[in-house]
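Below is one structure, written out as structure tokens, with a few remarks after it.
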Amino acid sequence: MHNQEIAWALSEIADLLEIQGEKPWSWRKAARVVEGLESPATLLQARGQLEKIPGIGPAVAQEIDQIVHDGVSRRQRKLRQQVPPGLMEVGKLPGIGVATVQLFFRHGFTTLEELEEAARARKLRRLPGMGPKTEAAVLRGIEFLRRHHDKYGIGIVKPIAEDMCRFLRQLAEVQRAEITGPLRRGQELLTDVQILIVANPVSAVLQLLRRHPSVEKVLAEGPQSICVANVFGLPLWIEAVDEADFARRWVETTGPAAHWQQLQSRKSVTPANSWSHYLSAQENEEAFYQSLGLPWIPPELRANGQEVAQALAGQLPALIEAGDLRGDLHMHTGWSDGVSTLEEMIQAGREQGYEYMAITDHSRALSVARGLSEAKLQEQRRLIRQYSGRDKTMTVLAGIEMDILPDARLDYPDELLEGMDLVIASVHTHLRQERSKIHQRIETALKNPHVDILAHPTGRLIGHREPFDVDVEWMLELAAKTGTALEINSTPDRLDLAPAHARMARELGIPIVINTDAHDRSRLGDIRYGVTQARRAGLEAEDVLNTRPLKELQAFLDRSKG
DNA sequence: GCCGTTTTCGGCCCGACTGTTTTCAGTCG
């Protein structure tokens with residue numbers, strides 16, 4: 001069982017307890033701790049070492065025992081019975097907290113449907129503490145949730161799919177197992193996992209899958225395929241194909257439909273009668289595309305079919321790869337709201353094989369995140385430079401993720417910023433300001449000569465929160481003028497800039513950086529999601545600032561300070 | 001529920017805005 005699955009179970013317990021009026025601090029903390037564990041919690045559980053982890057006491061440890069053993073704990077089952085299932089959904093509405101959920105519950109509203117009906121009938125505004133605005137917000141929120149219904153973020157889906165592929169590959173009956181479908185194209189939100197296998201005998205593999213410990217139930221089944229749901233209801237499709245047909249089916253299932261249709265229309269230009277011949281003969285994608293007179297098109301570029309014309313014209317970009325990155329320029333430590341220590345983060349950066357990295361904790365205004373006072377920041381900077389000086393193989397930059405304040409001022413004075421190796425500016429608060437105010441804030445940051453990078457430029461949280469009200473084209477044009485770099489944030493919930501915007505940024509010649517924003521050393525690996533995002537935007541290594549050698553990066557950072 | 005003491009009980013990230021109210025509870029990051 002994946003640590004993430006255990007963390008979700010603990011979070012669910014926390015949510016359920018909270019709705020019942022309890023204060024489940026330790027359950028939330030335990031969830032966060034388990035999520036960030038280096039080694040599998042199942043292993044620690046088997047060795048009886050769970051309780052040794054700070055944040056996990058006897059009660060939580062016992063809970064994890066049961067979750068690992070049975071998939072759910074007794075407490076979870078009991079709590080689920082006590083709380084109407086629809087209420088959990090209600091709690092996800094933006095602007096609706098526990099207290100309001102409880103209020104709704106007391107007045108007999110336990111599902112989104114009931115709430116929607118009441119809101120439309122203008123009855124919700126009559127509840128104590130409610131008004132027309134909240135009523136409208138509830139309707140907007142319901143619409144938002146509907147749009148993201150049954151969708152899972154790539155950060156959740158990909159590890160599950162990879163675990164399943166690993167499991168399949170180590171079976172003697174399986175010759176090949178590959179992720180396919182929208183996940184392979186790097187889509188941000190997904191409804192399922194699709195895996196293509198070559199196996200013999202197929203029936204033995206399907207039989208095994210039915211009894212796989214992560215499988216909660218079988219949703220559909222045929223002679224060549226099976227669809228199972230894991231404990232969190234995520235459907236996994238596993239389809240077996242003949243080895244000779246693998247490449248064709250892999251391309252077809254990777255999709256999307258428009259890309260496949262374009263390929264089919266190429267049948268006429270390939271040698272006579274060869275379509276079916278090539279289709280069955282090819283076992284790898286390169287050969288398959290070649291048979292259609294095309295170079296191989298990376299999955300991230302497969303879209304509306306225009307990429308086929310681009311490929312024909314020999315204009316496919318040489319997409320950036322994870323190995324091109326020489327450093328990560330945005331991460332947190334325990335000095336602010338990170339989990340790992342400064343030393344641990346630096347060590348983790350070393351293990352990533354980076355040439356350089358930047359420590360960028362939060363600034364003082366973000367008190368929730370224990371943002372650093374000026375004195376603390378200077379103390380940290382001193383420490384970082386000590387570490388960096390000791391290591392000849394990797395440079396650690398002393399940076400800061402500085403808040404852009406609600407009144408469009410920056411959180412630190414220029415004199416302090418000037419002394420930092422790297423300055424990131426971010427909007428974290430007052431996200432619902434009107435556009436003119438948001439623009440004013442972004443303008444201040446971009447125009448400041450000490451600001452090197454604007455982080456998560458639109459503030460979106462995929463599936464949770466819309467971007468703040470910003471005219472992205474306006475922002476990109478300004479960034480191009482000021483020469484400020486824009487970030488592709490690799491946190492799977494953010495992936496901000498979105499590919500379309502990153503593409504525009506590239507066209508405008510804006511330096512782009514791919515960062516993790518890791519709050520935990522184990523999350524430095526999330527950089528791959530940012531790279532996927534960059535590939536979907538058609539970015540090449542040279543478009544990305546942190547693929548460049550330290551000297552060139554340094555030249556960029558010093559550009560405005562001379 | 002967990003932790004760490006000023007060690008067996010109290011604190012648990014905290015300040016400001018929003019939408020509702022006429023002084024504040026609730027939400028958010």
Side-chain angles (χ1 to χ4, degrees), chain A residues 9-34 50-64 73 75-76 79 90-106 119 124-141 332-339 361-373 376 401-407 409 411 426-434 437-438 441 455-456 459-461 464-468 491 493-494 496 517 519:
Chain A
L10 297 174
S11 293
E12 188 194 344
I13 291 171
D15 290 341
L16 290 165
L17 283 170
E18 200 167 19
I19 287 177
Q20 300 201 321
E22 310 224 11
K23 302 258 183 275
W25 290 296
S26 38
W27 296 99
R28 293 227 184 281
K29 178 162 188 203
R32 201 170 163 214
V33 167
V34 170
L50 281 172
E51 276 189 62
K52 286 187 190 151
I53 303 163
I56 297 179
V60 174
Q62 200 192 359
E63 214 66 21
I64 295 177
S73 69
R75 189 187 308 258
Q76 236 176 323
L79 283 166
V90 173
K92 289 181 194 154
L93 287 170
I96 302 301
V98 183
T100 313
V101 170
Q102 290 166 341
L103 175 85
F104 289 154
F105 189 20
R106 281 200 304 277
L124 227 45
R125 62 179 69 181
R126 286 194 227 132
L127 298 183
M130 295 288 113
K133 284 201 176 176
T134 312
E135 196 175 70
V138 165
L139 284 174
R140 271 200 313 277
H332 300 269
T333 74
W335 281 63
S336 64
D337 63 346
V339 174
D361 273 310
H362 287 290
S363 66
R364 59 185 172 189
L366 208 62
S367 49
V368 233
R370 296 196 305 274
L372 271 48
S373 66
K376 275 268 175 199
E401 182 183 18
M402 172 184 61
D403 261 56
I404 306 171
L405 303 177
D407 61 2
R409 284 178 308 120
D411 201 13
S426 300
V427 171
H428 283 123
T429 59
H430 302 83
L431 306 169
R432 279 177 284 190
Q433 279 178 337
E434 61 183 44
K437 198 77 203 174
I438 294 275
R441 294 167 77 185
H456 39 75
R460 72 169 181 170
L461 287 182
H464 303 294
R465 187 174 78 202
E466 299 280 18
F468 42 70
T491 305
D493 281 349
R494 290 192 183 270
D496 180 13
D517 196 358
H519 283 66

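A note on names: the letters A, B, ... follow the listed sequences, proteins ahead of strands, and every chain is numbered from 1.
Side-chain nitrogen and oxygen atoms of A:R75 include at least one within less than 4.0 Å of the OP1 or OP2 phosphate oxygen of B:dG1. At B:dC17, none of the side-chain N or O atoms of A:T429 fall inside 4.0 Å of OP1 or OP2 (strictly under the cut-off). An OP1 or OP2 oxygen of B:dT20 is reached within less than 4.0 angstrom by a side-chain nitrogen or oxygen of A:T134. Taking 4.0 angstrom as the limit, A:K133 places a side-chain polar atom (N or O) nearer than this to OP1 or OP2 of B:dG19.
Rounded to whole angstrom, the span from the CD atom of A:E51 across to the C1' atom of B:dC3 amounts to 13 Å. If you measure from atom CD1 of A:I53 to atom P of B:dC2, you get 13 Å, rounded to the nearest angstrom. A:E135 places its CD atom 17 Å from the C1' atom of B:dT18, with the value rounded to the nearest Å. The interatomic distance linking A:L372 (CG) with B:dC14 (C1') rounds to 16 Å, in whole Å. Straight-line distance from the CZ atom of A:R370 to the C1' atom of B:dC14: 12 Å, rounded to whole Å. Across the protein-nucleic acid pair, A:D493 atom CG and B:dG29 atom P stand 12 Å apart, rounded to whole Å. When rounded to the nearest whole Å, the span between CG of A:L103 and P of B:dT27 equals 9 Å.
Rounded to the nearest Å, the gap between the P atom of B:dT27 and that of B:dT20 is 13 Å. Taking atom C1' in both B:dT23 and B:dT18, the straight-line distance is 14 Å, to the nearest Å. Nucleotides B:dT22 and B:dC28 place their C1' atoms 24 Å apart, quoted to the nearest Å. Atom name C1', nucleotides B:dT8 and B:dG1: the rounded distance is 15 Å, in whole Å. For B:dG19 and B:dC12, the P atoms lie 29 Å apart once the distance is rounded to whole Å. Distance check on atom C1': B:dT6 versus B:dG11 gives 13 Å, rounded to whole Å.
With DNA chain B read from its 5' end, the first of the two nearest nucleotides for A:H430 and A:G95 is the one closest to A:H430. When the nearest nucleotides of DNA chain B are assigned to A:A99 and A:R125 by heavy-atom distance, the more 5′-ward of the two goes with A:R125.
Remark: B:dG4 base-pairs with B:dC9. Criterion, Watson-Crick or G-U wobble with two distances under 3.5 Å.
In this structure the side chain of A:H519 never reaches within 4.5 angstrom of the side chain of A:T491, judged on heavy atoms. A heavy-atom distance below 4.5 Å is not found between the side chains of A:E401 and A:L366. Looking at A:H430 and A:K437, their side chains never come closer than 4.5 Å, going by heavy atoms from C-beta outward.
Under the salt bridge (Lys or Arg N to Asp or Glu O under 4.0 Å) criterion, A:R28 pairs with A:D15, A:E18, not counting sequence neighbours. By the ring-ring contact (aromatic ring centres under 6.0 Å, His included) test, A:H428 pairs with A:H362, A:H456, sequence neighbours left out.
When each of B:dT27, B:dG29, B:dG1 is scored by its nearest atom to the side-chain atoms of A:T100, the top-ranked nucleotide is B:dT27.
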